[in-house]
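Everything on this sheet refers to the single structure shown next.
Given the structure is predicted, the values throughout are model-derived calculations rather than measurements. When reading the values below, keep in mind they use all heavy atoms of this one structure, side chains included, and skip hydrogens, waters and symmetry mates. Just so we're on the same page: letters track the sequence lines, and every chain starts at 1.
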Amino acid sequence: MFLSRHAEAILKAIVRVAENNRSSKKTDLWPQIRPLLYRVERPSRYIDSEWGVAEAQDYRVGLCYPDTYEVGQANQALALLYQAANSLDGVSGERIFLPWIDLSDLMRKEDIELFTLESFMPVSRVDILGITIPYELSYTSILEVLSLAHIPFRAKYRDDSYPLVIGGGPCVFNPEPLADFFDAFLIGEGEEAWKEIISTDKTMRAQGKTKQEILEKLVGISGVYVPSFYDVSYREDGRISTITPTHGAPDRVYKRVVTDMETVAPIQCPIVPYVDVVHNRYTLEILRGCTRGCRFCQAGMTYRPVRERSADSIVKNAIDGLRDSGYDEISLTSLSSADHSQLEEVVRRLQKQFEGSGVSVSLPSLRVDAFSIDMAHLMAQGGRKTGLTFAPEAGSQRLRDVINKNVTEEQLLETVERAFKAGWRRIKLYFMIGLPTETDEDIAAIGELAGKVLRTAKKSVEPGQRGGITVGVSVSTLVPKSHTPFQWEPQATDEEIHRKQRVLRDFMPRKGVNLSWHDADISFLEGVIARGDRRLSPVLEAAWRNGARFDAWSEQFSLKRWLDAFEECAYNPAFTAHRARDYDEVFPWAHLSTGVSDAYLVAEAKKAREEVLTQDCSFDSCTGCGACQTLDVDIVLGGEKRQ
Amino acid sequence: MSSDFRLRINYRKADRGAFLSHLEVLHTVERIVRRAQLPYAITQGFHPHMKVAFGPALSVGTASDGEYLDLWLSEFVRPDIALAKLKASAPRVLPIERVGYIGNKLPSLTAAITIHAYRAEIWARDIEIDKVEQSFQSVRKSTSLEVVQKDKKKVFNPALCIPKDAVVTKNEEGCTIDFSLRIDQTGALRPEILLQEVCNRAGQTYSHLELVRTGLFIEEDGVWVRPM
Ligand code: SF4
């Protein structure tokens, strides 16, 4: 049945190409969608007309987030790219989200193509299509988007009548499993490059240039990677042999980086959704990057170096953004907002500004390791007392040194004591298992640490209140990611993870701790996709044909579809997930660079084995990762370049 | 606060706005008011929020030609200025139509409004409108009407809750039915449930039904008056 679904989509696409006429692109699908909305859940996610939407212009930029409206509309990167597109003359953004299963199924039944929100035009008729690649488990949803849009999956089967399909977002640092489906990827930060890509495509399309000619031009834009311009060869043992550029593409594509945050506007007049989306508030990015250097963290490597907005700019933008959107909450976001060097000043000024108006200021989560409790107190004055979270990641000091998590047990317990004395009653601790060099003692130490936190918390409050105290412990599995010091590490097998989970349960306090796990099956799949190469594309297609979509929604996820797909395609997932690599292995992403040098990553990998810490270059001196020099960018603190 | 100024606002749930839920309308209106930068009053208490009271809720899928809400301001703003600011801050599917100050002592909108008028568009090309009309009359004349609403059995008294006969007109797709309901403390008969019952009894089926609330009224000595 699913095979025919795909075959049907391709057939329709071919027919459509034959009758293609770009002047008909403005077809309005709303009259066909409207009656379906009486039959689906939460129809308001499909009606457009929110506050802040752009007027349609001649050249339409499709911006797709391959998940539901609630998840996608809350995504800040998409909002920034929408704003960037709309800032260009004669250009407008068209949002595209994946309709929930109820509507998708109705659309398939009634043969209605996937639509954009602003104009309700068929997605296949936009001029250029940008798709965010937010997480590994979204890959089958990307295929579902293409299928619903009647766009052939493989870039090589799409002729010049189709929009260029460009991928961007967190997963593009190893986009290889998706290489066959995209015309190009934008590696790194998009605000500036996205405008250059759009302008190039717009001009060249108007001149009647072909897709191939446009792609050859686009590789000249810093950060653009055209996968079809690279030939990959493999060794007999399955490892990659060489990656060779063609068509004048560079040997290595370096990520695009915004050197001065003040030159890129934050989201100014955001779209204000009707539906209660994931983060329903005005969000303002106060800094980019995080150089704490946790060795498992991909974002820490890919967003280097740290660039802060100045306090003045944050306060001004916050006031404007709240006024223009009408939200009653502002969230100051980043990978690690508590690290902003002027955060206290910012929060004090904002709270003074909004006093008595019912507006509150929040940080995405109060990560106490970078955060004084006085600061937490200050935040709580502006509204609700958010939960405190603490991410020791490992139970023992030894293992925390391995992963470069620069916090000690004393710091944690001291913070817990102060927080509970100050009135907090809940704390959540994040840990990982499956870390390199991990032993059962390290696992047991997680339980012991949770016990110490619980006892400290209880000691810090009046006896009468001790009953209400809970410590949340959330345990995920390490998924080694590309471009990190752990990229050479084998991922723990499911059996190992299940055994470790049992050990952990034995050492956890029986009462007062809420223990939660990440699903080991999901982590396994994430691991295969995160370090997979181009040979994974047929597997993604097969999984989609088997019915996989919305894999990130745990109730929709089925490992069986994937295991069947691996078998159908004779792909050994263990080779990708569970194999240790040599330092000289050619990775699928070897031709893509974050600016951090290979030598630095190897050195970090070795320091992990030696249990040696690396300092944070934002507060200490440069540790030599190479990003600043390679990308010609500086650390910016409080709006000032650090000398 | 007795010093607050109670501004009654008349707005529509227009076009695609029909698909908004009551909660979504509530949140949107609060944002409209904040964007308009009106000096709204804040409730006292642990979670201070905007002091605003809405008229009767509308369900998802139902549009409206006239809804009302009361907003309390802490300072007087000229109504024409308040209206201009609100209009400029509202998305096109929730247009603001009129505003006017009303007395702080007047009962709340939900307490005062008892009559809800609706127009239904029914998709059924071969529908016989005489039969629908007669069926509506007979339902209205009965002394008791048992329906299932939200999986619960409920009994209504049509003589009380259906104040008038319906006006049924034929159109290309099917027919239009204009009717009204009286809502009191004993519960609200849902308009789509009533129409389903009417059509069932008339032996008429339809593929699709769309509702618009055409008016909300306060009953004053037997006369229906609009809330502003
Ligand atoms: S080059 Fe030095 S200062 Fe720049 S991010 Fe790397 S370690 Fe930090």
- Message: Checking A:Tyr38 against B:Glu210: is there a side-chain donor and acceptor pair closer than 3.5 Å?
- Response: yes
- Would A:Thr333 and A:Gln76 count as having a side-chain donor-acceptor pair, cut-off 3.5 Å? yes
- Message: So which residue, B:His49, B:His27, B:Gln37, ends up with the most heavy-atom pairs under 4.5 Å with chain A?
- Response: B:Gln37
Can you say whether [X] sits under 4.5 Å from chain A via the side chain, the backbone, both, or neither, judging by heavy atoms?
X        : result
B:His208 : side chain
B:Thr28  : side chain
B:Ala90  : backbone

Heavy-atom contact with chain B under 4.5 Å, split by part of [X]:
X        : answer
A:Arg34  : both
A:Val275 : both
A:Ser357 : both

- Query: Do NZ/NE/NH1/NH2 and the carboxylate oxygens of B:Glu67 and B:Lys13 come within less than 4.0 Å?
  - Reply: no
- With a 4.0 Å cut-off, would you call A:Arg42 and A:Glu70 a salt bridge? yes
- Message: So that I know where these two stand, are A:Trp100 and A:Tyr69 an aromatic pair - ring centroids less than 6.0 Å apart?
- Response: no
- Query: Are B:Tyr118 and B:Phe179 near enough that their ring centres are under 6.0 Å apart?
  - Reply: yes
- Query: Pick from A:Gly358, A:Pro43, A:Gly356, A:Pro273: which one has the most heavy-atom pairs with chain B under 4.5 Å?
  - Reply: A:Pro43
